[in-house]
Amino acid sequence: DGCGHTVLGPESGTLASINYPQTSPNSTVCEWEIRVKPGQRIQLKFGDFDIDDSDSCHSSYLRVHNGIGPTRTEIGKYCGFGFQMDGLITSKSNEVTVQFMSGMHISGRGFLAAYSTTDKSDLITCLENASHFSEPEFNKYCPAGCVIPFADISGTIPHGYRDSSSLCMAGIHAGVVSNTLGGPINVVISKGIPYYEGSLANNVTSKVGPLSPSLFTFKTSGCYGTLGMESGVIPDSQITASSILEWSGQTGQVNIWKPENARLKRTGPPWAAFINDEHQWLQIDLNKEKRITGIVTTGSTLAEYYYYVSAYRILYSDDAQKWTVYREPGMDKDKIFQGNTELYQEVRNNFIPPIIARFFRINPLKWHQKIAMKVELLGCQFSIARAPKITVPPPPPPWNKNDDKNDDSSDDSVKTSLQTDKTTFTPEIKNTTVTPSVTKDVALAAVLVPVLVMVFTTLILILVCAWHWRNRKKKTEGTYDLPYWDRAGWWKGMKQFLPTKSAEHEETPVRYSSNEISHLRPREVPAMLQTESAEYAQPLVGGIVSTLHQRSTFKPEEGKEASYADLDPYNLPIQEVYHAYAEPLPVTGPEYATPIIMDMSSHPSTPLGVPSISTFKTAGNQAPPVVGTYNKLLSRTDSTSSAQAQYDTPKGQPGPAAADELLYQVPQSLAHSTGSKDE
């Protein structure tokens, strides 16, 4: 009467004292006899051990024996509160006896232990959880019987389970291992999530869980895809049932809950049986053999019809004639699957090992009000490579004279035997199942391809924007406005190819007051005249004109170059000197019609220092003298005293005496003026 939770599988199992993890009752005893296959040995591991040792293991203890029966030998006797047993207890044969004795005591939970064959070196108990391990990925072996009422889990697949969940119990919920058989698990630890969903699967209820620092998932074979009920890959003609519920409503409308309505997550009514008994079934034809690893079911999903199936059996067949009821390995009873507990929730059950069949049948055993359900099958394509069976014909019998008469019949029998024994090769069935490694590659490609597309798209957009910006910048710079790093050099190289009259730029007029010039030394004057070039306007005179700027569009006249030493800017009379280039006409300025005559000061026939006529704008009564690079520009002559210069009054001015703001043009037909008059 001292036996608690016990599952003894063929290769592993779990056993616990009565009332564990609560205090075990007094004066109880339990004895377990464990057997595995001959030639194997057994290893025992304790997950929890808490037995009263007040009487030195006299009345309360746990004893382990090699063998079963009177010939057994003791391996060890154990007791103690919170006893920590390092390592495993290993038997010498394939049989072990475990005896628990509970005497008079006040406290003590008892024990929980797991066993397996010795080839399972990474055995753990049902109490281990992910927080006990620091590795990001590890492999362990779960014993059978880890669906225990005193452990809980939070989460579900594929999102993962909370790190406080029992590893083996979560593995059963995920369909990785069987509660009856146990098995290996491959655990992957990752960062936790804020919320863990709850669900019912494989008779294990997962609870809703809060945020945790980490979670764990399981690596599987990947054969858990849907087989076509929800998506419609399985046509309606391949879904049949034993009976169909049909009735007329209050409005006279006929309601038929046909088998093709039994598609998971489809809106509308489900399939329902007309007769409610244990002989009803829903059948699905997969068209060919498939590997079926699980099933998901719901109730009617209609609030006004609270119908669902709470328990069922599974049958399968290759020809729809001979049916096999699903059983777990080593079991002599049919497997009864837990169904729904209400009409909405999806409940999953996995088949370990999977079912290989074409026809799949669900046989409801328990239901609420009426048999009604929607389903989806999980699995993948199935392929099998069978070696061809080679049949060798039997050797001919010894020759006998009496057999001569039967030669013809013997030959016929040999031919018939050869034809009968002819090997027929099974057609190759290609495996369309995606292996886990390929699945990872597909998932990785699904992530990388959009990322690469976005990166290349971004680069192309950047290049297009840069090209567009560069073109706009070129348009805004103007015809001869080059970048600052190449403006002067490019113009020096190109100006020799341009005709004199094609210049379309103007230099900004250079003006200095007499006070500024009077304070400069001779060699400082050229520096003052080096100003930044501006856009040039087309000169108003033809021929060759000397300039003051080193970047001028006009080539100076060949001949003797005048230096700054030849001219003394301090002894010359104060004269109005203007730049060699014409200044743009002001927007509000007057218009001119009468040409004027201009004398070029740089002509060889004119001696240095002779006054000349130039295009200028009068800014006052006096203008400061300016010395150029090659020649000195002189002021205009008086328009009233020159015989050759003809001036006209600008439009809108009272007369020639108003010289405060006048602008004169040089006629293009007169290249040089022979006479001038000093101002």
Side-chain angles (χ1 to χ4, degrees), residues 200 225-288 290 292 294-326 334 336-349 351 355 357-379:
L200 176 61
T226 58
L227 293 181
M229 285 293 289
E230 178 185 351
S231 63
V233 173
I234 300 174
D236 294 345
S237 59
Q238 294 177 202
I239 307 174
T240 56
S242 56
S243 63
I244 301 173
L245 180 61
E246 181 179 348
W247 83 97
S248 299
Q250 296 179 355
T251 59
Q253 182 180 1
V254 178
N255 298 301
I256 303 176
W257 289 11
K258 299 179 290 185
E260 52 265 33
N261 293 343
R263 299 180 183 272
L264 191 71
K265 298 181 180 179
R266 287 287 184 95
T267 58
W271 163 75
F274 181 76
I275 303 173
N276 296 304
D277 59 22
E278 296 182 355
H279 302 289
Q280 304 303 307
W281 47 263
L282 175 68
Q283 179 177 311
I284 302 171
D285 179 10
L286 299 175
N287 200 33
K288 61 180 179 179
K290 298 288 182 67
I292 309 169
I295 180 174
V296 181
T297 62
T298 64
S300 66
T301 66
L302 300 176
E304 60 271 25
Y305 304 104
Y306 207 85
Y307 308 150
Y308 60 85
V309 175
S310 57
Y312 56 88
R313 294 188 306 169
I314 296 298
L315 298 87
Y316 57 93
S317 173
D318 292 333
D319 55 6
Q321 299 297 326
K322 183 180 179 180
W323 294 90
T324 302
V325 181
Y326 181 82
D334 299 342
I336 306 300
F337 294 91
Q338 179 182 0
N340 296 88
T341 58
E342 46 93 9
L343 71 161
Y344 289 113
Q345 185 182 21
E346 296 182 4
V347 177
R348 173 173 46 84
N349 283 286
F351 309 126
I355 297 173
R358 171 182 172 178
F359 296 94
F360 186 87
R361 181 175 286 185
I362 305 167
N363 174 214
L365 299 177
K366 295 181 181 180
W367 55 89
H368 184 266
Q369 296 185 7
K370 286 184 179 294
I371 297 175
M373 64 190 315
K374 296 180 180 181
V375 303
E376 177 62 279
L377 300 182
L378 307 177

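Every value quoted in this text rests on a predicted model; they were computed, and no experiment measured them.
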The reported gap from CD in Glu376 to CD in Glu346 (rounded to nearest 0.5 angstrom) is 9.5 Å
Minimum heavy-atom distance between Val375 and Met229, given as atom pair plus value: O-CB, 3.7 Å
Shortest non-hydrogen separation from Leu286 to Ala357 and the atoms involved: CD1-O, 4.1 Å
Does Ile314 reach the side chain of Ile292, with side-chain heavy atoms less than 4.5 Å apart? no
Shortest non-hydrogen contact between Val254 and Ser248, atoms and distance: CG2-OG, 3.9 Å
Keeping to residues at least two apart or across chains, list the side chain to side chain donor-acceptor pair (under 3.5 Å) pairs with something in residues 311-322. Tyr312-Asn349, Arg313-Asp334, Arg313-Asn363, Ser317-Asp319
Note, Phe351 side chain near Ile295 side chain (heavy atom, < 4.5 Å): yes
When every non-hydrogen atom of Ile371 is compared with those of Ile275, the smallest separation belongs to CD1-O, 4.1 Å
Can you list every side chain to side chain donor-acceptor pair (under 3.5 Å) pair that touches residues 298-311, not counting sequence neighbours? Thr301-Lys374
From Thr297, Val347, Leu200, residue fulfilling side chain to side chain contact (heavy atoms under 4.5 Å, CB included) relative to Gln338: Leu200
So which heavy atom on Ile244 is nearest to which on Lys258, and how close? CG2-CA, 3.9 Å
Rounded to the nearest 0.5 Å, what separation is found between the CD atom of Gln253 and the CH2 atom of Trp247? 9.5 Å
Applying side chain to side chain contact (heavy atoms under 4.5 Å, CB included), run through Ile284 and Phe359 and close with a yes or a no. CA-CA 6 Å; Ile284 302 171; Phe359 296 94; over 6 Å; no
Run the numbers on Asp236 and Arg263 for side chain to side chain contact (heavy atoms under 4.5 Å, CB included), then give the verdict. CA-CA 10 Å; Asp236 294 345; Arg263 299 180 183 272; 2.7 Å; yes
Spatial distance of atom CD (Gln280) from atom CG (Leu245) [nearest 0.5 Å]: 11.0 Å
Is a side-chain N or O of Ser242 found less than 3.5 angstrom from the main chain of Trp281, in a donor-acceptor match? yes
With side chain to side chain contact (heavy atoms under 4.5 Å, CB included) as the criterion, how do Lys290 and Leu377 come out once you've worked through the C-alpha distance, each side chain's angles and the decisive distance to 0.1 Å? CA-CA 10 Å; Lys290 298 288 182 67; Leu377 300 182; over 6 Å; no
For residues 265-274, please give each side-chain donor-acceptor pair under 3.5 Å, one per line with the distance, not counting sequence neighbours.
| from | atom 1 | to | atom 2 | distance (Å) |
| --- | --- | --- | --- | --- |
| Arg266 | NE | Glu230 | O | 3.3 |
| Arg266 | NH2 | Glu230 | O | 3.3 |
| Trp271 | NE1 | Ser243 | O | 3.1 |

Arg358 vs Asn287, test: side chain to side chain contact (heavy atoms under 4.5 Å, CB included). Steps then yes/no. CA-CA 6 Å; Arg358 171 182 172 178; Asn287 200 33; 4.0 Å; yes
Please find the pair of heavy atoms, one from Leu282 and one from Thr240, that lie closest to each other, and give the distance. CD1-O, 3.4 Å
Check: Thr226 and Val296 side chains under 4.5 Å, non-hydrogen atoms: no
May I ask you to test the Ile239-Ile234 pair for a side-chain heavy-atom distance under 4.5 Å? yes
For Arg361, does its backbone N or O pair with a side-chain atom of Gln283 as donor and acceptor, under 3.5 Å? no
How about Leu302 and Trp257: do any of their side-chain heavy atoms sit closer than 4.5 Å? yes
